[in-house]
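Inspection log for the structure reproduced underneath, given as structure tokens.
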Amino acid sequence: MMNIFAVAGFLAAGLLAATAAPSLAADAKGDWARPNGASKIRISSCGSALCGKLIWLREPRKDTENPDASKRSRPLLGVRIVQSMKPTGKDGQWKGKVYNAEDGKTYTGFIKLNGNNKLKLEGCVMGGLICKGETWSRVK
């Protein structure tokens with residue numbers, strides 16, 4: 001009788017361990033590289049959300065397209081481009097804001113993990129009707 005409970009306990013522990021593993025794999029935090037290799041972004045927690053800042057630029061430059069004239073002379077390195085991403089309820093997907101330094105605009109943004117080492121980022125307009133994105137690769 002005691003052996004049945006011991007076996008059931010081990011099976012339950014094994015099932016818990018097996019179901020916990022995928023949630024560890026679905027972690028967007030870390031360093032990511034854009035497909036063109038021009039920059040790297042570090043995704044980390046910011047309160048209850050995820051944020052990402054530029055940590056490396058092949059060609060460092062200033063935030064010249066920023067709509068706020070007082071920020072146009074600041075270096076882009078260290079600027080938060082992924083802002084306030086919160087889970088959408090879909091597996092591995094977050095929604096927030098994305099700052100595009102190339103045009104100085106902030107868009108509704110989505111990030112979604114595609115496996116452990118790919119992260120799709122999209123910036124959208126018109127309530128998500130038109131989106132443009134790219135897939136980043138995790139930096140080892």
Side-chain angles (χ1 to χ4, degrees):
M1 185 81 139
M2 188 60 117
N3 287 341
I4 293 173
F5 290 116
V7 170
F10 285 122
L11 285 174
L15 285 174
L16 282 174
T19 58
S23 62
L24 291 175
D27 188 2
K29 290 182 265 180
D31 295 347
W32 299 89
R34 291 186 62 199
N36 64 7
S39 60
K40 293 179 185 172
I41 300 91
R42 177 165 294 143
I43 304 287
S44 59
S45 296
C46 56
S48 63
L50 292 177
C51 295
K53 67 179 180 176
L54 288 166
I55 60 166
W56 179 84
L57 291 166
R58 181 186 309 135
E59 297 176 16
R61 62 183 184 92
K62 305 224 183 274
D63 193 6
T64 57
E65 301 302 315
N66 197 304
D68 181 343
S70 69
K71 294 181 179 179
R72 291 180 189 153
S73 62
R74 74 177 176 174
L76 274 176
L77 200 60
V79 169
R80 188 179 285 180
I81 61 167
V82 177
Q83 306 164 0
S84 304
M85 292 284 178
K86 296 194 175 188
T88 63
K90 294 181 181 177
D91 190 33
Q93 184 184 58
W94 295 263
K95 178 182 179 183
K97 298 286 181 189
V98 178
Y99 174 65
N100 181 355
E102 293 172 13
D103 66 10
K105 295 181 181 172
T106 300
Y107 298 93
T108 297
F110 294 91
I111 57 175
K112 179 160 179 44
L113 279 171
N114 292 328
N116 231 5
N117 297 313
K118 298 290 181 186
L119 181 83
K120 180 162 186 169
L121 175 125
E122 289 185 311
C124 304
V125 296
M126 296 177 59
L129 291 176
I130 300 171
C131 298
K132 184 177 178 183
E134 62 186 20
T135 299
W136 297 349
S137 297
R138 189 179 296 273
V139 177
K140 305 273 179 187

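Here, residue 1 is the first one in the sequence, and each next residue gets the next number. Note that the coordinates shown come from a computational prediction; the quantities given were computed from them, not determined experimentally. Hydrogens, waters and symmetry mates play no part in the numbers below; they use all other heavy atoms, side chains included.
- Note that CD1 of Ile111 and CD1 of Ile43 are 5.0 Å apart. Values are rounded to the nearest 0.5 Å.
- Residues meeting the side chain to side chain donor-acceptor pair (under 3.5 Å) test with Lys86, sequence neighbours left out: none.
- Across Arg138 and Gly30, no two heavy atoms sit closer than the pair NH1-CA, 4.1 Å.
- Clustering of Ile, Leu, Val, Met, Phe, Trp and Tyr side chains at separations under 4.5 Å places Met126 together with Tyr107, Val125, Leu129, Ile130.
- There is no path of hydrophobic side-chain contacts, each under 4.5 Å, that joins Leu113 to Phe110.
- To the nearest 0.5 Å, atoms OG (Ser39) and CH2 (Trp136) are separated by 7.5 Å.
- One finds the NZ atom of Lys95 at 12.5 Å from the OG atom of Ser84 (value rounded to the nearest 0.5 Å).
- Expressed to the nearest 0.5 Å, how far CD of Glu65 lies from NZ of Lys71 amounts to 15.0 Å.
- To the nearest 0.5 Å, atoms CG (Asn114) and OG (Ser137) are separated by 10.5 Å.
- Residues Leu121 and Trp94 share a hydrophobic cluster, clusters being chains of Ile/Leu/Val/Met/Phe/Trp/Tyr side chains in contact below 4.5 Å.
- Residues in residues 111-132 take part in these salt bridge (Lys or Arg N to Asp or Glu O under 4.0 Å) pairs, two or more places apart or across chains: Lys120-Glu122.
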Output side-chain donor-acceptor pairs under 3.5 Å for residues 55-63, partner residues at least two apart or in another chain, one line each.
{"residue": "Arg58", "atom": "NH2", "partner": "Asn36", "partner atom": "O", "Å": "2.7"}
{"residue": "Arg58", "atom": "NH2", "partner": "Gly37", "partner atom": "O", "Å": "3.1"}
{"residue": "Asp63", "atom": "OD1", "partner": "Tyr99", "partner atom": "OH", "Å": "2.5"}
{"residue": "Asp63", "atom": "OD2", "partner": "Asn66", "partner atom": "ND2", "Å": "2.8"}
{"residue": "Asp63", "atom": "OD2", "partner": "Arg74", "partner atom": "NE", "Å": "3.0"}
{"residue": "Asp63", "atom": "OD2", "partner": "Arg74", "partner atom": "NH2", "Å": "2.9"}
{"residue": "Asp63", "atom": "OD2", "partner": "Tyr99", "partner atom": "OH", "Å": "3.2"}

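- Every pair passing salt bridge (Lys or Arg N to Asp or Glu O under 4.0 Å) that includes a residue from residues 30-44 is listed here, sequence neighbours excluded: Asp31-Arg42, Arg34-Glu102, Arg34-Glu134.
- Put simply, the side chain of Val98 does not reach to within 4.5 Å of the side chain of Gln83, judged on heavy atoms.
- Minimum heavy-atom separation, Val139 to Trp32: CG2-C, 3.8 Å.
- Sorted by first and then second residue, the disulfide bond (SG atoms under 2.5 Å apart) pairs involving residues 82-140 (not counting sequence neighbours) are Cys124-Cys131.
- Within the 4.5 Å cutoff, no side-chain heavy atoms of Leu119 are placed close to those of Thr135.
- Distance check, rounded to the nearest 0.5 Å: OG1 of Thr106 to CG of Asn100 gives 9.0 Å.
- Pro75 and Val79 get closest at one heavy-atom pair: O-CG2, 3.5 Å.
- Checking side-chain atoms of Ser45 against main-chain N and O of Gly47 turns up no donor-acceptor pair under 3.5 Å.
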